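Comments concern the structure below.
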There are 2 protein chains.
Amino acid sequence: MLNRSFVRPAARPDWGRRPSADSDAPPFFAGCPGLLVSEFSYGRNACICAEGDPAEYVYQVVRGAARSYRLLSDGRRQIGAFHLPGDVFGLESGPTHHLTIEAIVDTTVRIVRRRALDAAAHADVSVACGLWTMTANDLRHAEDHMLLLGRKTAAQRVATFLLEMDRRLSVAGVVALPMGRGDIADYLGLTLETVSRTVSQLHGDGTLGLSGARQITLRDRERLARMDA
Amino acid sequence: MLNRSFVRPAARPDWGRRPSADSDAPPFFAGCPGLLVSEFSYGRNACICAEGDPAEYVYQVVRGAARSYRLLSDGRRQIGAFHLPGDVFGLESGPTHHLTIEAIVDTTVRIVRRRALDAAAHADVSVACGLWTMTANDLRHAEDHMLLLGRKTAAQRVATFLLEMDRRLSVAGVVALPMGRGDIADYLGLTLETVSRTVSQLHGDGTLGLSGARQITLRDRERLARMDA
DNA sequence: CGCGAATTTGATCGACATCAAGTACCGTGG
DNA sequence: CCACGGTACTTGATGTCGATCAAATTCGCG
């Protein structure tokens, strides 16, 4: 039943802390005066926050990527979302995190205290609406993903995934995936072998170009979109 | 591929409109002065709102039940949630609905205008937080459901479903399901035959008591919870 | 009571999982 | 720069769970 190597979340690393600095990622709650933002880095596979932890911080990816997931008792894992540069994650309405979140590669994030954000929301309704909108966007993504997990075929899942990553991180027509086949499989509710086979097939029929397993060129977005249904 | 009869959403019925009245369901945004609440009824399988519609109203179930879902182009359907008495649904942060919502049985809802709610949220931060919290609760449910759809076995899905319905609508130890096997299947990402077989098996081994297909007694919640993993 | 819809049950099929090698890739150290 | 080792990925053979196809039954309701 265990379909992956089971890496227990590591303790939060202390290295990498550095003073807040400007960067090229989009602003994090710009226009909120007095919101203290700091930067923090995590090594590959480091745990950023665990299910059940008090939700003390909200995060924004500056560089790198993260995965958030839930586990079944036997280790089966469902990744609910990938967080890429610019994305905000770890935002909760309640007191604790519902998902475990780990860095996929070496990752730098900005963080703000949840309490500070609450205060800003109370002072300014537009901040409160911003928080609501971010959660609503996450909900919309989850709704789309439920349709994928419940009803799409393996080929459709992979096509949807590639189009999503193309939209979110393609540069010069090339998608440079930060995550491996195992993470993709746990995101799509498949096994890594099925993901690999499906990608190979799309490569074989010319829909994809590959330069290494993680450098993918979408040669036929039309066809991918048609598969997606 | 079509795994269900395909009923196109009916037009919103006009019958059933009645003056706002107190009822036994929990209060709908209690403590918001000047929020005009009215009541509205829908027949079995009537469409309450469709994907893409402007999100003009927010709803609360008074009596009955509703399903919200998305469709693939070939008619495969994924139900994201069931809405039972007391539940608020159709709440959007953006301008349009993302899911189609239909009455499962004859259903009465309370409605408030989305604009009125926005106004109340701007006047009172606690209302804004309440809206955020409701969306966050929906998100949590969706996260749980992604784990179910992506990684649980058929038996685990049915067990999870029965425990959810037990929690949400059991009266005197009996769960009276408003929805049929087809709706359950589209909620759990299975076929109706698989749902039926799994329920039959749980009945056979004494875990469930049945009085008609939709009157279910959970005789062994412990076992269901253990199956659920 | 009788009709149509919902549900159950049975037989078979197929998509994806599992088990099992083999191969490519990448970082490290010689 | 290349050899090495480990991890990630690919590919192949086989198995299985749930889907599909196809009848019975049963249920709910007029």
Side-chain angles (χ1 to χ4, degrees), chain A residues 1-7 43-45 72 74-78 104-106 148-159 161 176-204 208 210-216 227, chain B residues 1-7 43-45 72 74-78 104-106 148-159 161 176-204 208 210-216 227:
Chain A
M1 273 294 183
L2 279 165
N3 62 4
R4 52 181 290 272
S5 67
F6 195 109
V7 180
R44 185 172 129 88
N45 295 326
L72 249 21
D74 64 358
R76 278 173 291 168
R77 179 179 68 155
Q78 180 61 46
I104 294 172
V105 293
D106 290 356
L148 178 148
L149 293 170
R151 291 305 184 203
K152 287 188 183 178
T153 64
Q156 290 179 317
R157 294 178 201 212
V158 171
F161 171 76
L177 298 175
M179 74 291 284
R181 297 291 187 258
D183 283 343
I184 298 171
D186 283 351
Y187 181 58
L188 300 180
L190 300 169
T191 58
L192 86 180
E193 292 95 330
T194 298
V195 172
S196 180
R197 267 184 253 273
T198 306
V199 170
S200 292
Q201 191 183 317
L202 291 170
H203 181 224
L208 302 178
L210 297 180
S211 359
R214 300 188 187 192
Q215 301 281 328
I216 302 185
M227 287 174 58
Chain B
M1 273 299 185
L2 280 164
N3 61 2
R4 51 180 290 272
S5 67
F6 195 110
V7 180
R44 186 171 126 88
N45 295 325
L72 250 21
D74 64 359
R76 277 173 291 168
R77 180 178 68 154
Q78 179 61 47
I104 294 173
V105 293
D106 290 356
L148 178 148
L149 294 170
R151 291 304 183 203
K152 287 187 184 181
T153 64
Q156 289 178 317
R157 293 179 201 213
V158 171
F161 171 75
L177 297 175
M179 73 292 285
R181 297 291 186 258
D183 282 343
I184 298 170
D186 283 352
Y187 181 59
L188 300 180
L190 300 169
T191 59
L192 64 93
E193 293 94 329
T194 297
V195 172
S196 180
R197 267 184 254 273
T198 307
V199 170
S200 292
Q201 191 183 316
L202 290 170
H203 182 225
L208 302 178
L210 297 180
S211 0
R214 299 188 187 193
Q215 301 281 328
I216 302 184
M227 288 175 57

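Order of the sequence lines fixes the chain letters, A, B, ..., with proteins taken first and strands second; residue numbering starts at 1 for each chain. Computed from a prediction, not measured in an experiment: that's the story for all the values here.
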Using a heavy-atom cut-off of under 4.0 Å over every strand shown, decide if [X] touches base, sugar-phosphate, or nothing.
X        : result
A:Gly180 : sugar-phosphate
B:Arg157 : nothing
A:Gly189 : sugar-phosphate

Given [options], which nucleotide is nearest the side-chain atoms of [X]?
X        : options                : result
B:Glu193 : C:dT18, D:dT20, C:dT7  : D:dT20
A:Ala213 : C:dA6, D:dT10, D:dG18  : D:dT10
B:Ser200 : D:dT10, C:dA17, C:dT9  : C:dT9
A:Arg181 : C:dA17, D:dG18, D:dT10 : D:dT10

Let me check the geometry of the helix from C:dC1-D:dG30 to C:dG30-D:dC1. What is the bend angle between the axes at its two ends, five pairs each, to 10°?
50°
Does any non-hydrogen side-chain atom of B:Arg151 lie less than 4.5 Å from one of A:Asp186?
yes
If you compare all heavy atoms of [X] against all heavy atoms of [Y], which two are closest, and at what distance to 0.1 Å?
X        : Y        : value
A:Tyr187 : A:Leu149 : O-CD2, 3.7 Å
A:Gln215 : A:Ala176 : NE2-CB, 3.8 Å
A:Ala213 : A:Arg181 : O-NH2, 2.8 Å

Separation of [X] atom [atom1] from [N] atom [atom2], in whole Å?
X        : N      : atom1 : atom2 : value
B:Leu210 : C:dT7  : CG    : P     : 12 Å
A:Leu202 : D:dT11 : CG    : C1'   : 16 Å
B:Leu190 : D:dA19 : CG    : C1'   : 10 Å
A:Asp183 : D:dT7  : CG    : P     : 16 Å
B:Ile216 : D:dC27 : CD1   : P     : 14 Å
B:His203 : C:dT7  : NE2   : P     : 16 Å
A:Lys152 : C:dC16 : NZ    : P     : 14 Å
A:Arg214 : C:dC26 : CZ    : P     : 9 Å

What I want to check is whether an N or O donor and acceptor connect the side chain of B:Arg197 with the base of D:dT20 at under 3.5 Å.
yes
Nearest heavy atom decides the nucleotide; on that basis, is A:Val195 or B:Gly182 closer to the 5' end of DNA chain C?
B:Gly182
Say you draw a straight line from [atom1] of [X] to [atom2] of [Y]; how long is it, rounded to the nearest 0.5 Å?
X        : Y        : atom1 : atom2 : value
A:Ile216 : A:Leu208 : CD1   : CG    : 6.0 Å
B:Leu177 : B:Ile184 : CG    : CD1   : 5.0 Å
A:Ile104 : A:Arg44  : CD1   : CZ    : 10.5 Å
B:Leu192 : B:Arg197 : CG    : CZ    : 9.5 Å

Ignoring backbone atoms, establish whether B:Thr194 has a side-chain N or O less than 4.0 Å from OP1 or OP2 of D:dG18.
no
Kindly say if A:Arg44 contacts the phosphate of D:dA8, meaning a side-chain N or O under 4.0 Å from OP1 or OP2.
yes
